[in-house]
2 protein chains.
Amino acid sequence: MYLTDRLPRETGRDYALRTIKENIIRLELAPGSMVSENELAAALGLSRTPVREALIELNKVRIVEIYPQRGSSVALIDPALVEEARFMRRVMECAVAELACTTLTPEWLSRLQENVRLQNFYIQAETPYPEMLMSLDDQFHELLFGAANKPQTCQQVANLSIHFERVRSLALSTVKDPQIVRDHEALLDAIVNRNPERARRLMETHLGRYAIDVQALKEQYPDYFKK
Amino acid sequence: MYLTDRLPRETGRDYALRTIKENIIRLELAPGSMVSENELAAALGLSRTPVREALIELNKVRIVEIYPQRGSSVALIDPALVEEARFMRRVMECAVAELACTTLTPEWLSRLQENVRLQNFYIQAETPYPEMLMSLDDQFHELLFGAANKPQTCQQVANLSIHFERVRSLALSTVKDPQIVRDHEALLDAIVNRNPERARRLMETHLGRYAIDVQALKEQYPDYFKK
DNA sequence: AGTCAAGAACTAGTATGGAAGAATGCAACA
DNA sequence: TGTTGCATTCTTCCATACTAGTTCTTGACT
């Protein structure tokens, strides 16, 4: 397992959740593999309680399966759930892009602009940091939810997104396409100009760029998939 | 606290979650009031562990606040969160109504028809059971998510809905309007006839009927509200 | 050899005790 | 009177022990 240091002030439960989630996305904990509270607790240097609480939370979004008195496993990749995560994200983000046209405040605008500025910096850097761009990309979308005053909605969407992120990781798709940054700029422009129709349309085409051929992955890694 | 029997095969954690949630919605656990693992555990006849796990889950959707080493409280009513729950529900349900026009199968159709049939029965009964109608209403919307093959999305929407349900409870709004059943019938008709635009429009106006004047409630019960 | 039952070895669910941190009250002191 | 410091008493967080249920092994018997 990939292990990182426990952050200051981070509870054991949050540390366990963050680490387990990360390892599931990276496929370090393989789809379908059994995990036990005991093993994870030992690996993380914690007791079963915080680990168990983390597993319960992951079970809520069907990324971990718990069979009482039998064991727990990392869920196999379920194409229906991956599609559902995509669906929910697309629907909510388009609605938020529209809404942001009427709710955007100068403070949120400046945060979004700063984010885009950084994206441009890292895309032009000689040594590109793909994980940095990825993180900025996530941040941009989160900022939009913030600008629309819908942070909890963002959280609920993110809950399901793990299914999509895992598949993205399996496809080794690192997003360093400069077009994505152009998309963000155009989107922000539409929002600043209070053009909801255009914002929605841009978001729709933008999200289309993250498309992944799940069926092809299923043929390549059949053991990782459901059914 | 309102207590019901523990269901067969229900774990202590699920029982605690169900009961605490129910009591928060009914305002039996008042907004802003302190709750402690110990008190709840004693009231429910459980140990602190399952109660704690239930509180953690409720904290994830901001209906319970946990202050480490200080205590936990039922969150005050936050109009922004109530609005957010409404927003998320409206956006997702409209999208699902549209989608169901292309995904509806005969099995789901018959379930929906049976549901509407029961609604008509209970609305015409001499002794109306408001909680039964409410439950059937919830079921109808859940069935739509099922018909669109988006059950997890339904779950995520439901997570936030507790904020709205609590306010509805505070407003004492029992939904026994026959118009709602008519709405469901019209909506189902639009879906059966594969008319996504009409389905979306009907869902939009239908959800409008659940509107509640949160501001008025805030003036009537200022202690229950944030700020 | 094949079958079945008993028990060993796992699992998650629950109970409980203690540790760490935060609030409160009170006493000591300026 | 106002302030500081400490002890008390809360709380959640975590570790650990125990319970109960499942699976797998093992060995006796047919």
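These numbers come from the heavy atoms of this one structure, side chains and all, not from hydrogens, waters or symmetry mates. In this text the structure is predicted, and so the values were computed from the model without any measurement.
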Trainee: Within the structure shown, what part of the strands sits under 4.0 Å from A:Thr49 by heavy-atom distance: base, sugar-phosphate, or nothing?
Mentor: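 Counting heavy atoms under 4.0 Å across all strands, the contact made by A:Thr49 includes a base.
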Trainee: For C:dT11, does OP1 or OP2 lie under 4.0 Å from any side-chain N or O of A:Ser72?
Mentor: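 No.
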Trainee: Assign B:Val51 to base, sugar-phosphate, or nothing according to its heavy-atom contacts below 4.0 angstrom with the strands shown.
Mentor: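 Nothing: the residue B:Val51, judged by heavy atoms under 4.0 Å, touches no strand.
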Trainee: With a 4.0 Å cutoff (strictly under), does any side-chain N or O of A:Asn38 reach OP1 or OP2 of C:dT11?
Mentor: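 Affirmative; the distance criterion is met.
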Trainee: So A:Ser36, base contact, sugar-phosphate only, or nothing? Heavy-atom distance under 4.0 Å.
Mentor: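 The answer is sugar-phosphate, as A:Ser36 gets under 4.0 Å only of primed atoms, P, OP1 or OP2.
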Trainee: Between D:dA15 and A:Ser47, is there an OP1 or OP2 to side-chain N/O distance shorter than 4.0 Å?
Mentor: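 The answer is yes; a side-chain N or O of A:Ser47 sits under 4.0 Å from OP1 or OP2.
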Trainee: Answer with yes or no whether the side chains of B:Asp138 and B:Ser135 bring together a donor and an acceptor at under 3.5 Å.
Mentor: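 No.
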Trainee: Is a salt bridge present between A:Glu37 and A:Arg52, judged by a nitrogen-to-oxygen distance below 4.0 Å?
Mentor: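 Here A:Glu37 pairs with A:Arg52 in a salt bridge, since their nearest N and O are under 4.0 Å apart.
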Trainee: Is B:Arg117 salt-bridged to B:Glu114, cutoff N-O under 4.0 Å?
Mentor: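 Between B:Glu114 and B:Arg117 there is a salt bridge, with a charged N closer than 4.0 Å to a carboxylate O.
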Trainee: Compute both the distance and the angle, then confirm whether A:Arg89 meets the cation-pi test with A:Tyr210: under 6.0 Å from the six-membered ring centre, within 45 degrees of the axis.
Mentor: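 Yes, A:Arg89 and A:Tyr210 form such a contact.
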Trainee: Please tell me if A:Arg70 has a side-chain N or O lying less than 4.0 Å from either OP1 or OP2 of C:dC10.
Mentor: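 A:Arg70 to C:dC10 OP1/OP2: no side-chain N or O under 4.0 Å.
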Trainee: A:Arg6 near the nucleic acid: base, sugar-phosphate alone, or nothing, with a heavy-atom cut-off under 4.0 Å?
Mentor: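 Sugar-phosphate contact only - A:Arg6 comes under 4.0 Å of backbone atoms but never of a base.
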Trainee: Of the candidate nucleotides C:dA12, C:dA15, D:dA15, which contains the atom at the shortest distance from the side chain of A:Gln69?
Mentor: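 Looking only at side-chain atoms, A:Gln69 lies closest to C:dA12.
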Trainee: Let me know, please, whether B:Gly12 or A:Glu39 comes out on the 5' side of the other along DNA chain C by nearest nucleotide.
Mentor: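 Its nearest nucleotide lies further toward 5', so the answer is A:Glu39.
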Trainee: OP1, OP2 of D:dC13 versus side-chain N and O of A:Arg13: anything below 4.0 Å?
Mentor: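 For A:Arg13, the contact criterion (side-chain N or O under 4.0 Å from OP1 or OP2 of D:dC13) is met.
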